[in-house]
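Below: one structure, written as structure tokens.
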Protein chains: 2
Amino acid sequence: MEPISKPARGTAKAEETRSRILAAALNLFRERGFDQTTMRDIATAAGVAIGAAYYYFESKEALVMAFYQEANIAFHEGIEAALERKTDLRARLRAVIDVKFEYFGPNRKFLGALLRHAADPDHPLSPFSAETREIRELDMRHFSQALDSSNLRLPEDLRPYLPKLLWLYQMSLILFWIYDRSEGQARTERLLEKSLAIVVNLLKLSKSPFLRPVRRTAIELLQAVSEETPSLA
Amino acid sequence: MEPISKPARGTAKAEETRSRILAAALNLFRERGFDQTTMRDIATAAGVAIGAAYYYFESKEALVMAFYQEANIAFHEGIEAALERKTDLRARLRAVIDVKFEYFGPNRKFLGALLRHAADPDHPLSPFSAETREIRELDMRHFSQALDSSNLRLPEDLRPYLPKLLWLYQMSLILFWIYDRSEGQARTERLLEKSLAIVVNLLKLSKSPFLRPVRRTAIELLQAVSEETPSLA
DNA sequence: TTCTGTTCTTGAACACGTTCAAAAACAGGA
DNA sequence: TCCTGTTTTTGAACGTGTTCAAGAACAGAA
């Protein structure tokens with residue numbers, strides 16, 4: 001199953017056309033926003049007919065997904081590099097998230113288009129869909145790495161679920177950030193700071209017998225929910 | 001600001017037309033789903049011209065919101081009644097949520113249309129928008145009631161934030177439920193069961209000195225996020 | 001070079017949500 | 001009853017995302 005963008009099978013020239021369309025689209029999205037840009041605008045800016053845009057991209061929103069996909073690949077190295085320099089779990093998690101926000105920064109506004117169908121796992125562009133699995137898994141792996149070889153010993157039974165949980169946590173942060181209209185998205189920064197403290201703190205405390213019953217229930221919950229959830233499996 | 005549905009200012013006949021349109025729409029939504037139903041279908045089924053539908057409702061999705069709004073008012077009594085019979089906090093929270101799910105039941109599939117713009121607080125149909133404030137506040141009040149006069153003593157400093165938090169928790173449950181394709185939404189049931197246990201457990205434990213630092217940070221977080229958030233204020 | 005199948009490109013046409021100017025229906029005062 | 005302003009209803013027209021049949025460009029075999 002080819003993910004999102006239709007034919008990678010390009011000759012050099014086709015590949016050139018494809019990226020010209022994508023570039024034109026992203027420029028227009030950044031300038032005027034997603035809704036204010038029409039497919040006709042994009043085609044004109046790229047110097048092709050409307051049909052060409054649909055030959056390379058399933059839909060208007062698929063253009064945004066193509067950006068997201070390429071971004072995720074571009075992240076990869078930056079994240080690996082950032083992780084090498086840190087041992088503290090909190091710092092490691094923060095590093096993963098920071099790299100992304102930095103990269104997403106200038107495209108914040110039109111990324112909202114991606115979240116339109118976010119909730120529907122049947123929609124090809126949902127972050128939970130089968131079509132976006134590769135992206136999602138790459139993304140989770142970053143958290144997995146952040147967890148490994150950190151200074152914090154984690155409870156064994158919780159460990160397998162943590163990458164998914166942290167990924168989910170990250171998605172909510174991104175969601176909040178996209179619609180954060182405060183100056184420089186200051187509120188997201190505060191949310192990140194405090195919530196990360198809580199996450200790490202709970203992870204630390206979760207080993208204690210005091211929180212044992214909560215941890216138990218949490219694991220039961222995770223089992224119950226993730227079984228038969230192909231997208232999160 | 002009139003919320004959602006345009007003119008309630010109706011003569012009896014106008015009101016009749018409005019409800020005929022809404023009824024036709026909801027029937028079609030239930031039968032074929034939201035996307036498969038066109039505004040033309042709705043108008044035809046209601047025996048009016050397309051324009052009439054737009055005279056009474058801002059948009060296609062506003063029809064779903066009108067259902068949601070009416071549902072919320074209809075809940076009210078049922079919830080009050082259910083709360084009178086229970087003292088255990090867990091049972092009380094459960095009661096509030098159960099009443100809603102029962103009422104939403106047959107309309108589960110098309111309710112997804114409401115969540116399309118859920119993330120964008122600027123969109124009039126977002127559950128976070130100014131336009132939906134009344135509905136949201138009514139909804140939060142149910143949780144407030146469930147908290148009051150329950151058998152569990154809650155930490156004072158956390159109390160003001162709890163209705164919002166529980167409302168948010170409920171929204172995620174509804175989101176999960178809408179897209180839960182398991183038989184009879186069994187997975188949502190399990191998620192509800194376990195997560196509610198955790199919620200109540202954490203509330204209980206939150207008073208203990210052991211979780212003091214976490215509670216502190218949590219409150220800081222809530223303050224930081226809710227300031228300047230008109231929709232959640 | 002010519003032929004043939006594949007890849008790429010085109011733009012008219014379609015579907016559907018939405019708008020709006022015009023008309024019909026109505027209310028109530030003279 | 002007639003007149004006047006308001007509410008309600010109409011449906012043609014518009015904008016935009018998307019489809020698709022037809023053709024152009026191209027690659028490689030003969």
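Here the structure is a predicted model, which is why all the values come from computation and not from measurement. Computed from heavy atoms alone, side chains included, the values below leave out hydrogens, waters and symmetry copies. In what follows, chains are A, B, ... by sequence order, proteins preceding strands, each numbered from 1.
- In this view, A:Tyr68 and A:Phe104 satisfy the ring pair (Phe, Tyr, Trp, His ring centres under 6.0 Å) rule, not counting sequence neighbours.
- Legend: residues meeting ring pair (Phe, Tyr, Trp, His ring centres under 6.0 Å) with A:Phe101, ordered by chain and number and at least two apart, are A:Trp177.
- Between B:Thr17 and D:dT8 there is no side-chain N or O to OP1 or OP2 distance below 4.0 Å.
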- Would you mind building the protein contact string for nucleotides 22-28 of chain D? One character per nucleotide, 5' to 3', B for base within reach (heavy atoms under 4.0 Å), S for sugar-phosphate only, - for untouched. -------

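- Rounding to whole angstrom units, CD1 of residue A:Ile50 and P of C:dC14 are separated by 15 Å.
- The 12-atom threshold is not exceeded at CD of B:Glu84, counting heavy atoms of other residues, nucleotides or ligands nearer than 6.0 Å.
- Checking B:Ala53 against A:Asp35, the closest nucleotide of DNA chain D that is more toward the 5' end is the one next to B:Ala53.
- B:Glu15 places its CD atom 14 Å from the C1' atom of D:dT8, with the value rounded to the nearest Å.
- Across the protein-nucleic acid pair, B:Glu61 atom CD and C:dT18 atom C1' stand 13 Å apart, rounded to whole Å.
- The OH atom of B:Tyr56 sits 8 Å away from the C1' atom of D:dT7 (whole-angstrom rounding).
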Which side-chain N or O atoms in residues 20-28 of chain B pair as donor and acceptor under 3.5 Å with protein atoms at least two apart or in another chain?
unit_1: B:Arg20; atom_1: NE; unit_2: B:Ala46; atom_2: O; d: 3.0
unit_1: B:Arg20; atom_1: NH1; unit_2: B:Glu16; atom_2: OE1; d: 2.8
unit_1: B:Arg20; atom_1: NH2; unit_2: B:Ala46; atom_2: O; d: 3.3
unit_1: B:Asn27; atom_1: ND2; unit_2: B:Ala23; atom_2: O; d: 3.4

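- Residue pairs meeting the side-chain hydrogen bond (donor to acceptor under 3.5 Å, both in side chains) criterion with at least one member in residues 112-121 of chain B, sequence neighbours excluded: B:Asp35-B:Arg116, B:Glu61-B:His117.
- To the nearest angstrom, C1' of D:dT19 lies 18 Å from CZ of A:Phe57.
- Against DNA chain C, the stretch residues 37-44 of chain B makes heavy-atom approaches under 4.0 Å through B:Thr37, B:Thr38, B:Met39, B:Arg40.
- If you take CD1 of B:Ile21 and P of D:dT8, they are 12 Å apart, rounded to a whole angstrom.
- For D:dT18, the OP1/OP2 oxygens have a side-chain nitrogen or oxygen of A:Tyr54 closer than 4.0 Å.
- C:dC16 atom P lies 13 Å from atom CZ of B:Phe34, rounded to whole Å.
- Side-chain rings of B:Trp167 and B:Phe128 approach one another, their centers coming within less than 6.0 Å.
- Partners of A:Arg90 by salt bridge (Lys or Arg N to Asp or Glu O under 4.0 Å), not counting sequence neighbours, listed by chain and number: A:Glu193.
- With sequence neighbours excluded, the residues satisfying ring pair (Phe, Tyr, Trp, His ring centres under 6.0 Å) with A:Phe67 are A:Phe110.
- Counting only residues at least two apart or on different chains, the ring-ring contact (aromatic ring centres under 6.0 Å, His included) pairs with a member in residues 30-51 of chain A are A:Phe29-A:Phe34.
- Nucleotide C:dT9 holds its P atom 13 Å from the CZ atom of A:Arg18, rounded to whole Å.
- When the side-chain nitrogen and oxygen atoms of A:Tyr55 are compared with OP1 and OP2 of C:dT9, none of them lie within a distance under 4.0 Å.
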